[in-house]
Every structure is written in structure tokens, then in C-alpha cells.
Amino acid sequence: MQKRSAKQKIATLLILVSLIMPLGTPLTIPEPVEAAVFTNQEKALIRQLQNDYAQLDKTPYNSQNLYSIEPSLLDPFNPGALTPAYITAQMAYINYYRYLFDLPSISSNEADNKSAQVTAAIMAAVNANPFVDQHGLENVTKPDFVSQEDWQTAQQVSAASNLNFNVYDESAGEVVKDFVTDSYNLTGADTGHRAWILSTRASQTGIGAAYGTNGYRYSVQTAVFGNDIFRQPTKSSVPYPSSGVFPIELLQGENIAWSLYLSDQAVTGTPAITIKDLDTGQTVNATNVGNYSSSHYGNFQTVITYYPGNINLVSGHAYQVNIQGILQYTFKLYNQVAANQPVYQEEKPKPVVPPTPTEVAVNKLMEEAEALRDSLNSGRKINSIIFGRSYQDGQKFVNLGEKQWFQDYYYYRNPEIQAGILAVPRGRVNLRIYNSPYPSHQKTTYARLLPQNSYAYGQKIQYGDFTWYYIGPEQWVRERTIKKIS
């Protein structure tokens, strides 16, 4: 993904079914309601995040302090090398922003940094036009003093990287913030740069930067690696703003689209989206909702972006986002810079209510159900996407990394195993316990369920006219109609 510089230029997610609905009618603004309350845990987290941000390196960089080895952008060509402090700072910012979204840290290595630096230096050598697409270097000509090997490296890396061009002395962190807010994306509101920074499958990156004689700093952050495609996602969804507490600074400014990324769930069309200020009651419809899933930015199955209408964003307020049929969540805004933080609404003590006997029993059964489910998962391939290889003579193969060649790859989903509790009413279930749901494997047993009792199950499958529930090793029960508690 490519962009130009901005200077020129802890809540629970409720995942619902993927129903695509038309945009709703505008909603009215009700009377003000109670102000958002920050819990002690949230306040402690905010203080930690503010402290983390304060400790990030904010040194402005220019052509005088960017390099440990200054590039030679003429004959003989030498890409040079960045000062280690710059790479360290940029990685710290990348991982700070990933932490805001509860994503694990990623790392860079010498080889990927070297390739990114070659790419940045070649773009600087040709003074690549910052206002046209430079992915793959299709809009520039190879200089004679650049080797074919270096040129091919730059073509490949630029096609697989976030690119940033600016003429100001930005810090390493400002480059990353530009990717995260993605407000000057040349391809519009698809938030592709952000998606790669916040990828749930990302494990590595490469960092490069070089100044051209036109005064532009050409920054490269390698984003696409073949091995990452096969990684298990660390989260199922990544909304922007994230749930929980979120810094208002990442929403301030022009042309900052909000987004929702889903790792494995495919959504077609554009859902209706509303944003509500839970402090004032103001509710607005999102505008310019777009679905960019076909681009697979960040290795996500779904990429939805939108603008938050005319919602008033206030530090200290809580907001609810409802992406109809897909996701509903809340977040509370705070100031990244502690000195700008307004006074919190104090948390009111809540009385401790002991669980009822029924709640205790249900919780115990759910623990048993989850243990059954986990026992099945322990010997099961749980990758959510399984790729199939195709080796056919005369066909073109695609290289996705070392020893990874594919032709017309396909995938299928290995569904998650669902655990739960059965409440068995009299006369509504076949009370016999079977050793298998499949007739060819079934043997006669004399074990039975007790009616008007509840049982934990670790898996359910559909076979023929029956739903079968796994209640223990070689123990299955079937039903046509049964009440499911959870």
C-alpha cells in the first residue's frame, strides 16, 4: 500500500451472524444520559498506555541523522544503512499500536531490513513521483547504475510493502502513525496500510528509508510475507477504533476512516452501521461504507471501512458501534498525552452478589463441556484455513515463499468445535447413549440419560435427521428437538 505524508497532504465483542442489511434511516438524538464511567482497571490501563507512549522515541529525523552508512544514489550505487536507533524506534511504534488492538509484537531482521533499504534507496535515486502508485516500480525506469538483482529486489519489495513519502523531518513514529490513520492513502478509503500494520497473521517486517535529491524521504515497511498467510490468526476481528479504551488522537484529523477487519469470516456487501455517544445519546449513521475484502489487505477475509458521520468525539466519553449483523462493541476515549487527559467520571462501587445455585450448577457444567471440547481439539488440526497444493504439468505455479509453490490454491474451513449444555425434558430425546453417531460403527449399549437432567457436551454434529451430542468418550446422544441452554 502507498500513501503520501500527512504533512503535505476492556469491552467484550459481540460477534453476530453475517447478515447484510440496507442502510437505516437517520436516528434522532435523545436527551443526555449518564456520563461514561471509567473503571479502576481501565484507568490503570490508560496510565500504562500513556506512560508507554511517553517513553517512545520522538526524535525528528532528516538526511543528517537518518543513516549509519550514507547511501550513494549514483554510480557506484550503494543503498547505505539506517541508524539502528531509527529501526528500533519504528519497530517500537509498530508494536505500540499493535498493543492497542491486543495484537502480539512483530520483529524485523537484518535481511528484510536490507531489502527494504535497497528498495527505499532506489526510489530515492530515481526521485520516484510521490503522487502516483510506486508499488512494483512500474512507473519508473531502472537506472543503468543499479544492478538487475537490486532492481528485482526493489520491484518485489515495493509491491509487498507500505510506502510513505514526505518532505518533513518526521520521527520514526510519525511514519507509522500515518500508516495507522491512513488518511492520505492514494487509493482512497480502503485503509490497506492500516490493515497490514494490524494484521492478525503478521510476524515480521522490514524497515527502509532514504532521501532523494527532491527532498522526499522514501519510507518502506515490508508487509507481505508468504509464510504469514498460513499462520493461525491471533484474533478473529480487529475493529478501528478498538474496543475498550482508545486514544482520541488516532481519530482526530481529516479523512480518517474507521474500519472492521475479520480474520476468517467472509462478509459480502456493505452493512448498516451506527455510532452512538453513550454520554449524550447522539446517534449517527456511518457514511461511505465500503467493502474492500477482495483485496485481502492484512491477509483478512473481510475489510470494511466507513466514516463516522458527524459524531462528536470527546475524550472521556463512551461510544457504541453497531455494525449490523456482524459486530457490536463499545469503546471509551482517552488522551494519549497524559497532560491533556480530562478528569474521569469516578467508578461507583458495585455490591457483590453471590451466584445462585442454578448459576453455580450451569458454570460447573460449562467447565465440563469445555473440557470435553478441549480433549477433542488436542488431537485435531485446528488451522482455520487449509490450503491444497496443485501440481499439474504445464501450469503456472505461484511462489509464496521458500519451498511454497501453488497453482490455483483452494481452501476449506475446519469449523470450530462447539461446547454447551443440554437440558433433557421428558419425552423429547432418545435417552439411549450410543457409542457412535454413525450406524456402521454403532454397538448396543444399555446406558441411558436421566430425563429432566442437564448434561455437558463437547461437540455436536448433524447426521441424517438427527443432531448428535458428544458427552464423553464413545458416548453420543441424539435428538430431533431438544432445548439447548448454551
Side-chain angles (χ1 to χ4, degrees), residues 1-8 51-99 105-128 130 134 145-147 149-150 153-154 156-158 160-180 193 196-197 202-223 225:
M1 295 295 300
Q2 176 179 320
K3 69 187 292 297
R4 57 190 173 91
S5 169
K7 293 186 177 172
Q8 278 199 298
N51 184 61
D52 291 345
Y53 180 76
Q55 294 183 29
L56 291 170
D57 184 358
K58 299 173 180 62
T59 303
Y61 281 88
N62 54 46
S63 60
Q64 303 304 308
N65 64 349
L66 183 64
Y67 311 113
S68 62
I69 301 175
E70 186 171 352
S72 171
L73 304 182
L74 298 171
D75 195 6
F77 173 74
N78 184 338
L82 294 174
T83 177
Y86 180 86
I87 296 176
T88 299
Q90 191 153 109
M91 290 306 305
Y93 274 95
I94 289 173
N95 288 323
Y96 163 77
Y97 288 121
R98 286 178 61 83
Y99 183 78
S105 297
I106 62 175
S107 60
S108 66
N109 58 62
E110 183 177 356
D112 291 329
N113 290 339
K114 182 178 179 180
S115 296
Q117 185 60 25
V118 167
T119 304
I122 288 178
M123 287 192 292
V126 299
N127 289 321
Q134 296 300 347
F145 56 81
V146 172
S147 70
E149 180 182 2
D150 283 347
T153 295
Q156 293 169 3
V157 172
S158 64
S161 296
N162 283 339
L163 306 179
N164 176 285
F165 312 140
N166 70 80
V167 293
Y168 287 86
D169 296 345
E170 287 192 330
S171 70
E174 288 176 294
V175 174
V176 181
K177 182 184 178 183
D178 282 352
F179 289 144
V180 173
H193 306 94
W196 288 114
I197 290 285
S203 63
Q204 62 193 98
T205 189
I207 305 298
Y211 278 91
T213 57
N214 58 0
Y216 275 87
R217 185 200 304 177
Y218 294 86
S219 296
V220 176
Q221 183 252 322
T222 313
F225 293 90

Within the structure provided, determine whether [X] and [Y] are in side-chain contact (heavy-atom separation under 4.5 Å).
{"X": "Phe77", "Y": "Ile122", "value": "yes"}
{"X": "Gln90", "Y": "Thr205", "value": "no"}
{"X": "Val220", "Y": "Met123", "value": "yes"}
{"X": "Tyr67", "Y": "Tyr211", "value": "yes"}
{"X": "Asn214", "Y": "Phe165", "value": "no"}
{"X": "Asn95", "Y": "Tyr99", "value": "no"}

(message) Pair Gln221, Val175 - check side chain to side chain contact (heavy atoms under 4.5 Å, CB included), show working.
(response) CA-CA 10 Å; Gln221 183 252 322; Val175 174; over 6 Å; no
(message) Among Asn113, Asp112, Val157, Ile207, exactly one meets side-chain contact (heavy atoms from CB on, under 4.5 Å) together with Thr222. Which residue is that?
(response)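 Exactly one pass, corresponding to Val157.
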(message) So if I apply the side-chain contact (heavy atoms from CB on, under 4.5 Å) rule between Asp169 and each of Asn62, Leu66, Asn65, which one comes out positive?
(response) Asn62
(request) Test side-chain hydrogen bond (donor to acceptor under 3.5 Å, both in side chains) on Asn164 and Asn162 and set out the steps. (result) CA-CA 7 Å; Asn164 176 285; Asn162 283 339; over 6 Å; no
(message) Holding to side chain to side chain donor-acceptor pair (under 3.5 Å), I want the full list of residues that pass it with Ser72, two or more places apart in sequence or in another chain.
(response) none
Does [X] use its side chain to pair, donor to acceptor, with the backbone of [Y] at less than 3.5 Å?
{"X": "Glu174", "Y": "Ser171", "answer": "yes"}
{"X": "Thr83", "Y": "Tyr86", "answer": "no"}
{"X": "Tyr218", "Y": "Ala125", "answer": "no"}
{"X": "Ser68", "Y": "Leu82", "answer": "yes"}

(request) Among residues two or more places apart or on two chains, list those pairs meeting side chain to side chain donor-acceptor pair (under 3.5 Å) that have a residue in residues 116-127. (result) Asn127-Thr213
(message) Atom CZ of residue position Phe145 - does it have more than 12 heavy atoms of other residues, nucleotides or ligands inside 6.0 Å?
(response) yes
(request) Enter the distance from Tyr61:OH to Ser219:OG here, rounded to the nearest 0.5 Å. (result)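 Answer for the OH-OG pair, Tyr61 versus Ser219, is 12.0 Å.
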(message) Testing the basics here: between Ala120 and Gly208, what is the closest heavy-atom pair and its distance to 0.1 Å?
(response) CB-C, 3.8 Å
(message) Can you give me the closest heavy-atom contact between Ser158 and Leu163, atom names plus distance?
(response) O-CD1, 4.1 Å
(message) Pair Ile106, Ile94 - check side chain to side chain contact (heavy atoms under 4.5 Å, CB included), show working.
(response) CA-CA 8 Å; Ile106 62 175; Ile94 289 173; 3.9 Å; yes
(message) Students often mix this up, so state it plainly: with edges at 30° and 60°, are the rings of Tyr96 and Tyr53 parallel, tilted or perpendicular?
(response) tilted
(message) Going by side-chain contact (heavy atoms from CB on, under 4.5 Å), name the residues that satisfy it together with Lys114, two or more places apart in sequence or in a different chain.
(response)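 Applying side-chain contact (heavy atoms from CB on, under 4.5 Å) to Lys114 gives none.
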